Protein chains: 2
Amino acid sequence: MGNAKLYKGSLSTIILKLLNEHEKMYGYEITQKVKEITKGELKITEGALYPSLHKLEAEGLLEVEVLKVDNRLRKYYKLTEQGTQETVNKLEELERYIKTMRALVNPEFRFD
Amino acid sequence: MGNAKLYKGSLSTIILKLLNEHEKMYGYEITQKVKEITKGELKITEGALYPSLHKLEAEGLLEVEVLKVDNRLRKYYKLTEQGTQETVNKLEELERYIKTMRALVNPEFRFD
DNA sequence: CAAATATACATAAATAAGTTATGCATGTAA
DNA sequence: TTACATGCATAACTTATTTATGTATATTTG
């Protein structure tokens, strides 16, 4: 991903959340959506995206439907039930991560 | 580190920030301080910590002073001037990361 | 009309940052 | 005397990326 090393580990969270919001998306669409939402801050590379999608599918979190649109292939992904559950977990993990990092880095946020 | 994969990439930020706050710390002390501040949420493993400290030193961000306390060795690390500057950068990166992730994951936080 | 750019997928080699396991040494508590 | 805490270190392995390619079609641009 474009810039900071911090994004390492957050790609699957991003994918799951976008699919949670959009019901059905294909790979290229995901890269564009992320670029748009983040105003170019984050650019997902294909070398990261496609293996990640395949892994999520293999884990049973996503299911695929291949369509031909304008004579081009598109593989649409959507959340399985398990995927929807895992999305909740990943989002909780992200919030916990952010809280923990704030506590570490921002002394006035420290837990009581 | 203990739990989520999200912490990957944030160790150097944590180390630099703690040294920014404490002037001078040794490795074991850092692991304990992190455990304390995060209430056990985050446990830094030695296999991650020591290589990271060595790398930061090699990059000129930290300098070392070896002391013998209670007949045991301690390697105290402190920020160099460059290290202080890099701390600012890392903290900015962290804030930018958090903002970007919030925009992605929390639609009501999306940028205008 | 040719060339570049956008759309759409994919994979392989290399890199980075961790985990897990292990090793050494001293001191203290059970 | 055995376990646990303090204190450092490294090597082998794993995982998630980056970088570099490859294929193919569609559209824009000079």
Side-chain angles (χ1 to χ4, degrees), chain A residues 1-16 24-36 40 42-59 61-62 64-77 90 93-94 97 100-101, chain B residues 1-16 24-36 40 42-59 61-62 64-77 90 93-94 97 100-101:
Chain A
M1 292 142 119
N3 359 38
K5 299 159 194 174
L6 292 171
Y7 292 98
K8 229 168 247 212
S10 29
L11 180 55
S12 58
T13 306
I14 294 170
I15 293 172
L16 291 175
K24 151 183 177 191
M25 296 181 90
Y26 56 100
Y28 186 74
E29 189 184 8
I30 292 175
T31 67
Q32 299 309 300
K33 184 56 88 181
V34 167
K35 211 197 292 180
E36 178 205 325
L42 183 56
K43 284 166 192 160
I44 292 178
T45 60
E46 300 139 295
L49 178 68
Y50 292 114
S52 184
L53 286 171
H54 300 160
K55 196 185 174 216
L56 292 170
E57 190 198 345
E59 290 168 346
L61 306 181
L62 301 184
V64 198
E65 186 194 355
V66 182
L67 295 185
K68 198 157 198 168
V69 181
D70 292 330
N71 203 35
R72 269 202 225 85
L73 269 195
R74 281 185 189 171
K75 292 179 79 171
Y76 278 95
Y77 291 90
K90 292 277 194 188
E93 263 177 44
L94 178 62
Y97 167 79
T100 302
M101 286 304 289
Chain B
M1 289 142 119
N3 1 36
K5 301 159 192 174
L6 292 170
Y7 291 98
K8 225 170 251 210
S10 29
L11 180 55
S12 59
T13 306
I14 294 170
I15 293 172
L16 291 175
K24 153 181 173 191
M25 297 180 89
Y26 57 101
Y28 186 74
E29 190 185 7
I30 292 175
T31 67
Q32 299 308 301
K33 184 55 89 179
V34 167
K35 211 197 294 180
E36 178 206 326
L42 183 56
K43 284 166 191 161
I44 292 178
T45 59
E46 299 139 296
L49 178 67
Y50 292 113
S52 183
L53 286 171
H54 299 160
K55 194 183 174 216
L56 292 169
E57 189 198 347
E59 290 169 346
L61 306 181
L62 301 185
V64 199
E65 186 193 355
V66 182
L67 294 185
K68 196 157 201 168
V69 180
D70 292 330
N71 204 36
R72 269 203 224 85
L73 268 196
R74 281 184 190 171
K75 292 180 77 170
Y76 278 94
Y77 291 89
K90 292 277 193 187
E93 264 177 43
L94 178 62
Y97 166 80
T100 301
M101 287 304 290

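Proteins come first, then strands; the chains are lettered A, B, ... in the order of their sequence lines, and each starts at number 1. Note that the structure is predicted; figures quoted are calculated from it, not measured.
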**Prompt:** So which nucleotide from dT19(D), dA8(C), dG18(C) ends up closest to the side chain of Lys8(B)?
**Reply:** dG18(C)
**Item:** Distance below 4.0 Å between His54(B) side-chain N/O and dT10(D) OP1 or OP2
**Value:** yes
**Request:** With heavy atoms under 4.0 Å as the rule, sort Lys55(B) into base, sugar-phosphate or nothing.
**Result:** sugar-phosphate
**Asked** Separation of Lys35(A) atom NZ from dA8(C) atom P, in whole Å?
**Response** 13 Å
**Asked** Does the side chain of Lys5(B) get closer than 4.0 angstrom to OP1 or OP2 of dA16(D) through an N or O atom?
**Response** yes
**Item:** Nucleotide nearest Asn71(A) (side chain, heavy atoms from C-beta), chosen from dC9(C), dT26(C), dT25(D)
**Value:** dT25(D)
**Complete:** Whichever of Gln32(B) and Gly47(A) has the more 5' nearest nucleotide on DNA chain D, that residue is Gln32(B)
**Request:** Among dC8(D), dT10(D), dC9(C), find the nucleotide with the atom closest to the side chain of Pro51(B).
**Result:** dT10(D)
**Asked** Looking only at side-chain N and O atoms, does Tyr26(B) come under 4.0 Å of OP1 or OP2 in dG7(D)?
**Response** yes
**Message:** Just N and O in the side chain of Tyr50(B): are any of them under 4.0 Å from OP1 or OP2 of dC8(D)?
**Reply:** yes
**Asked** Is Lys68(A) near enough to dA8(C) that one of its side-chain N or O atoms lies under 4.0 angstrom from OP1 or OP2?
**Response** no
**Message:** Of the options dA17(C), dC8(D), dT26(C), whose atoms approach the side-chain atoms of Glu46(B) most closely?
**Reply:** dC8(D)
**Interatomic distance, Ile44(A) CD1 vs dT17(D) P [rounded to whole Å]** = 9 Å
**Message:** Both Leu49(B) and Glu29(A) contact DNA chain C. Taking the nearest nucleotide for each, which residue is further toward the 5' end?
**Reply:** Glu29(A)
**Asked** Which part of the nucleic acid, if any, lies within reach of Ser12(B) when heavy atoms closer than 4.0 Å are counted: base, sugar-phosphate only, or nothing?
**Response** nothing
**Message:** Looking only at the side chain of Arg72(B) (C-beta and beyond, no hydrogens), which of the listed nucleotides dA10(C), dT26(C), dA9(D) gets closest?
**Reply:** dT26(C)
